[in-house]
Amino acid sequence: MADKAAVRSGLQTMMQDHLSEKATSTIVNIMPLLYILLYKDGNKQGNINKAGATTGAYGLGRPGSGALISRVPMNKARREEVLNSDKYMPMIQALLPAEGDGKVMGQRDTMPERSDWKNNSPATYFKRPFFKWVERVDPICVPKKDIRRVKKAASNEKLASVAVGDLFKTETASVMTTQFKWWNKKFWGTDQTIGTDPSAQGPSDLDADVWDCPFSMASMCTDGTNGAITNYGGVDRTSAANAYFRGKYVTTKQPAVLSDLSNYANYKLKCAFLGSSINLFMCGATLFPRFLDECRAKGGQICYDGLPNMGEYGFEQPIGRFNNTFVVFDPECPDVLHESGSYTKNAVLGINLDTITMAIQPESNFTVDEPFDNSKIPGGDDAITSNIRTEMIIAGEAPPLNCWFEDVG
């Protein structure tokens with residue numbers, strides 16, 4: 001069946017279209033964090049296929065389009081910097097030049113000079129952490145025996161083709177959901193193969209050419225004393241000299257009051273002192289109903305039309321809005337009702353959306369490989385196989401503007 005190039009290409013196109021059509025509703029309503037990271041400032045119209053139909057969110061599963069979906073505006077130079085490199089190195093300002101080096105000029109005066117060029121130079125106050133690509137590949141496998149059986153059961157050739165197509169579509173959708181869940185677990189740090197501490201999620205070898213795992217949001221928020229991972233993006237935050245790259249990780253128990261968490265993060269922990277406050281809180285099933293009740297009681301609102309400046313893809317979950325702060329539920333957020341059953345505390349993630357950058361390789365953008373007949377290989381599976389592959393970089397460029405509350409309520 002898959003011996004002919006035209007047939008293989010047709011199957012690949014069909015599976016890719018199906019992935020793009022189904023991925024949006026899956027990711028939007030089941031994995032909100034991944035949705036938010038992918039689709040901020042997204043194209044609300046989605047992709048338009050050759051038939052003129054909308055097939056999904058901007059760039060998703062479309063090699064050659066949507067090469068980069070970012071948390072912040074990306075100019076051409078920065079886009080090329082990310083895509084044409086084996087790692088992404090944002091420019092971070094660790095400290096300001098010394099105020100005492102400047103002067104108020106008199107009528108006849110000399111120009112100011114550096115008091116200590118060695119310790120107060122651009123090389124000192126600009127740093128470059130690094131983030132590398134992570135690629136996930138999930139296999140698609142349709143047994144040839146199943147293909148033969150559905151073809152036999154069909155009354156004519158056209159129905160047989162439809163039946164075979166349905167086999168591949170169903171398998172593609174299942175594998176797609178598995179891959180989405182893998183990414184979302186990595187971002188939340190809830191992959192039980194590494195442990196039950198969300199802050200322990202990160203690459204096992206920072207020096208590897210490609211990483212085996214992205215940093216979790218919890219590990220981004222660790223501050224060098226709390227949390228399992230202290231080295232974020234190659235910056236050792238246990239060193240006082242690298243305090244500029246420490247996140248906010250709160251281990252002390254906090255009451256389940258959204259307004260108090262917002263004030264605590266923005267003002268006591270000083271997330272808002274750098275010019276931009278936390279604008280999104282995410283939590284699990286235990287806390288979300290409480291936060292919605294609080295929004296109603298304090299004059300906030302519950303909306304179902306997505307977050308501001310985000311693509312509208314039928315986001316059906318309620319979103320709590322209180323002042324300029326939003327709260328969203330994600331089933332992967334660690335709490336006592338999490339499906340793993342291993343968490344005894346409720347976590348809350350507070351993020352500044354403008355500080356997170358995500359890049360996706362164009363050729364590995366939830367992309368379906370061309371199908372292959374594995375039965376042609378001695379010892380190979382008696383099946384038609386393919387893969388869904390995705391390669392991403394996720395970088396938290398300003399950990400001090402983000403906060404992880406480990407124990408709320």
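In this chain, residues are counted from 1 in sequence order. From a predicted model like this one, the values you see are computed outputs, not experimental measurements.
Between the side chains of Thr225 and Asp223, at least one donor N or O lies within less than 3.5 Å of an accepting N or O. A donor-acceptor contact closer than 3.5 angstrom is absent between the side chains of Thr178 and Asp138.
For Lys298, the NZ atom counts as densely surrounded, since its 6.0 Å shell holds more than 12 non-hydrogen atoms of other residues, nucleotides or ligands.
A ring pair (Phe, Tyr, Trp, His ring centres under 6.0 Å) with Tyr232 is found for exactly one of Tyr244, Phe130, Phe131, Tyr249, namely Phe131. For the side-chain contact (heavy atoms from CB on, under 4.5 Å) with Thr230, the qualifying choice from Val235, Thr222, Asp236 is Asp236, the only one to do so.
For the atom pair Asp330 CG and Met282 CE, the distance stands at 4.5 Å (nearest 0.5 Å). Rounding to the nearest 0.5 angstrom, the gap separating the CG atom in Asn402 from the CG atom in Leu269 is 12.0 Å. Thr251 OG1 to Trp404 CH2: the interatomic distance, rounded to the nearest 0.5 Å, is 13.5 Å. Rounded to the nearest 0.5 Å, atoms NZ (Lys268) and CZ (Phe273) are 12.5 Å apart. Note that the CE atom of Met217 and the SG atom of Cys403 stand 12.0 Å from one another [nearest 0.5 Å]. Between the CZ atom in Arg296 and the CZ atom in Phe291 there is a gap of 14.0 Å [rounded to 0.5 Å].
Side-chain atoms of Asp260 and Gln254, non-hydrogen and from C-beta on, never get closer than 4.5 Å to each other. Side-chain contact between Cys295 and Ile302: present, with at least one pair of heavy atoms (C-beta onward) separated by less than 4.5 Å. Residues His338 and Thr190 have side chains in contact (heavy-atom distance under 4.5 Å, counting atoms from C-beta outward). With contacts defined as side-chain heavy-atom distances shorter than 4.5 Å, the pair Val327/Cys283 qualifies. The shortest side-chain heavy-atom distance between Gln12 and Ser386 does not fall under the 4.5 Å cut-off. The shortest side-chain heavy-atom distance between Ile388 and Ile140 falls under the 4.5 Å cut-off. Two residues are said to be in side-chain contact when any heavy atoms from C-beta on lie closer than 4.5 Å; Ser216 and Ile229 fail this criterion. Contact of the Gln16 side chain with the Thr367 side chain is registered, since non-hydrogen atoms from C-beta on lie closer than 4.5 Å.
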Handout entry: side chain to side chain contact (heavy atoms under 4.5 Å, CB included) between Lys248 and Tyr264, intermediate numbers included
Key = CA-CA 11 Å; Lys248 315 295 186 184; Tyr264 189 99; over 6 Å; no
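Taking the six-membered ring for Trp and thresholds of 30 and 60 degrees, Trp211 and Phe215 have ring planes more than 60 degrees apart, a perpendicular arrangement.
Of the possible polar contacts, none joining the Asp191 side chain to the Gln201 backbone as a donor-acceptor pair under 3.5 Å is found. Counting only distance, with no hydrogens or angles, the side chain of Glu406 and the backbone of Lys345 share no donor-acceptor pair below 3.5 Å.
Ion pairing between a basic and an acidic side chain is recognised when a charged N comes within 4.0 Å of a carboxylate O; Asp407 and Lys253 show such pairing. One finds a salt bridge joining Glu81 and Arg128 here, because a Lys/Arg side-chain nitrogen approaches an Asp/Glu carboxylate oxygen to under 4.0 Å. Checked for salt-bridge contact, Lys145 and Asp382 miss the test: no charged N lies under 4.0 Å from a carboxylate O.
Remark: aromatic rings of Phe180 and Phe366 are close, center separation under 6.0 Å. No close placement of the Phe288 and Phe281 rings is indicated, their centers lying 6.0 Å or farther apart.
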